[in-house]
J.: 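Just dropping this structure here.
Only a predicted model underlies this, so the values are computations on that prediction, with no experimental measurement involved.
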Amino acid sequence: TFELLPEKARLARETLALAEIGDRVELREENAIAGLDAIDGVSFCFLDAEKDVYLSCWRKLQPKLVPGALVLADNVISHRDEMTDFLDAVEADGDMDSVVVPIGMGVLLARRWGGGAAT
C-alpha cells in the first residue's frame with residue numbers, strides 16, 4: 001500500500017498490526033504513481049486517492065494485475081463526474097469484470113479474470 005501522509009501511514013501500520021496482517025502487507029510512504037513502477041504481481045488494490053489521479057494509477061496498475069486480482073476504488077458514486085475516464089477505462093478492459101457497489105460513497109469492485117493484461 002502507498003501513503004503520502006505520515007500520520008495516515010502510522011495509522012495504517014497500527015491497523016495492519018491489529019489485523020495481524022502486517023507481515024503480508026508492504027506499506028510504502030511514497031507517491032503511488034511513481035512507486036507502482038517498482039511493483040509487479042499485484043493481487044489486491046484499494047484505490048482511495050485524489051480523484052484526478054485514479055486514471056494514472058489505473059494505467060500503471062493494470063498491466064501488473066495477476067489473474068484473480070481484485071481492485072476496489074472508493075467514492076465512485078459520489079465523485080462519478082470526476083472519475084468518468086477511470087471508470088470507462090476499467091469497463092473497457094476486456095480482461096476485467098467490474099461492478100459498482102452502492103455502499104458508502106460507492107465502491108468499484110473489479111476482478112481480473114484472464115491470464116494477463118488486456119489492451
J.: My understanding is that only one of Arg13, Lys8, Glu7 makes a side-chain contact (heavy atoms from CB on, under 4.5 Å) with Arg10; could you say which?
T.: Glu7
J.: May I have the step-by-step check of salt bridge (charged side-chain N to carboxylate O under 4.0 Å, His left out) for Arg28 and Glu26, ending in yes or no?
T.: CA-CA 6 Å; Arg28 293 177 175 221; Glu26 181 180 357; 2.8 Å; yes
J.: State the CZ-CZ distance between Phe44 and Arg24, to the nearest 0.5 angstrom.
T.: 13.0 Å
J.: Starting from the C-alpha separation in whole Å, work towards a yes-or-no answer on side-chain contact (heavy atoms from CB on, under 4.5 Å) for Leu72 and Leu108.
T.: CA-CA 5 Å; Leu72 281 74; Leu108 173 78; over 6 Å; no
J.: Does some side-chain heavy atom of Phe86 sit less than 4.5 Å from a side-chain heavy atom of Asp52?
T.: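 Not touching, per the 4.5 Å side-chain cut-off.
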J.: Look up atom NZ in Lys60 and atom CG in Asp37, then write down how far apart they are to the nearest 0.5 Å.
T.: 3.0 Å
J.: Hey, what do you get for NZ (Lys51) to CG (Asp81), rounding to the nearest 0.5 Å?
T.: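 Between atom NZ of Lys51 and atom CG of Asp81 there are 13.5 Å.
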J.: What closest approach, in Å, do Pro102 and Ile77 show between heavy atoms, and which atom pair accounts for it?
T.: CA-CD1, 3.7 Å
J.: I'd like to know if Met96 and Leu36 are part of one continuous hydrophobic network [Ile/Leu/Val/Met/Phe/Trp/Tyr, side-chain heavy atoms within less than 4.5 Å].
T.: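 Yes, Leu36 and Met96 fall within the same hydrophobic cluster.
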J.: Measure the CG-NZ distance between Asp40 and Lys64 for me, rounded to the nearest 0.5 Å.
T.: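 Separation between the atoms: 4.5 Å.
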J.: Would Val107 and Val100 count as a side-chain contact (heavy atoms from CB on, under 4.5 Å) if you check the C-alpha gap in whole Å, the side-chain angles of each, and the deciding distance to 0.1 Å?
T.: CA-CA 6 Å; Val107 176; Val100 173; over 6 Å; no
J.: Using every non-hydrogen atom in the two residues, find where Leu55 and Ala89 come nearest and quote the distance to one decimal.
T.: CD1-CB, 3.8 Å
J.: Is Trp58 reachable from Val42 through a run of hydrophobic residues whose side-chain heavy atoms are each under 4.5 Å from the next?
T.: yes
J.: Rounded to the nearest 0.5 Å, how far apart are CG of Leu65 and SG of Cys45?
T.: 7.5 Å
J.: Decide yes or no for Glu29 and Pro6: does some side-chain heavy atom of the first lie under 4.5 Å from some side-chain heavy atom of the second?
T.: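 Result yes, sub-4.5 Å side-chain heavy-atom pair found.
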J.: Please test Leu87 against Val76 for side-chain contact (heavy atoms from CB on, under 4.5 Å), starting from the C-alpha separation and ending with a verdict.
T.: CA-CA 8 Å; Leu87 294 167; Val76 298; 3.9 Å; yes
J.: Evaluate whether atom CD of Glu91 has more than 12 neighbouring non-hydrogen atoms of other residues, nucleotides or ligands under 6.0 angstrom away.
T.: no
J.: Passes salt bridge (charged side-chain N to carboxylate O under 4.0 Å, His left out), Asp93 versus Arg112? Steps please.
T.: CA-CA 9 Å; Asp93 186 324; Arg112 175 165 303 288; 3.8 Å; yes
J.: Establish whether Val99 and Trp113 are linked, either directly or via other cluster members, by ILVMFWY side-chain heavy-atom contacts under 4.5 Å.
T.: no
J.: How far does CG of Leu61 sit from OG of Ser56, to the nearest 0.5 angstrom?
T.: 12.0 Å
J.: Any non-hydrogen side-chain atom of Thr1 less than 4.5 Å from a side-chain atom of Val25?
T.: yes
J.: How close do Glu3 and Ala9 get, counting heavy atoms only, and between which atoms?
T.: CG-N, 3.5 Å
J.: Identify the heavy atoms of Glu30 and Gly35 that sit nearest to each other, and give their distance.
T.: OE1-CA, 3.4 Å
J.: Which heavy atom in Tyr54 sits nearest to a heavy atom in Leu47, and how many Å separate them?
T.: OH-O, 3.1 Å
J.: Following the transitive rule for hydrophobic clusters with a side-chain heavy-atom cut-off under 4.5 Å over Ile, Leu, Val, Met, Phe, Trp and Tyr, establish whether Phe46 and Leu109 coincide in one cluster.
T.: yes
J.: Check the hydrophobic clustering (I, L, V, M, F, W, Y; side-chain heavy atoms under 4.5 Å; chains of links allowed) and say if Ile33 and Val71 are grouped together.
T.: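 No; tracing contacts between hydrophobic side chains, which count when under 4.5 Å, never links both residues.
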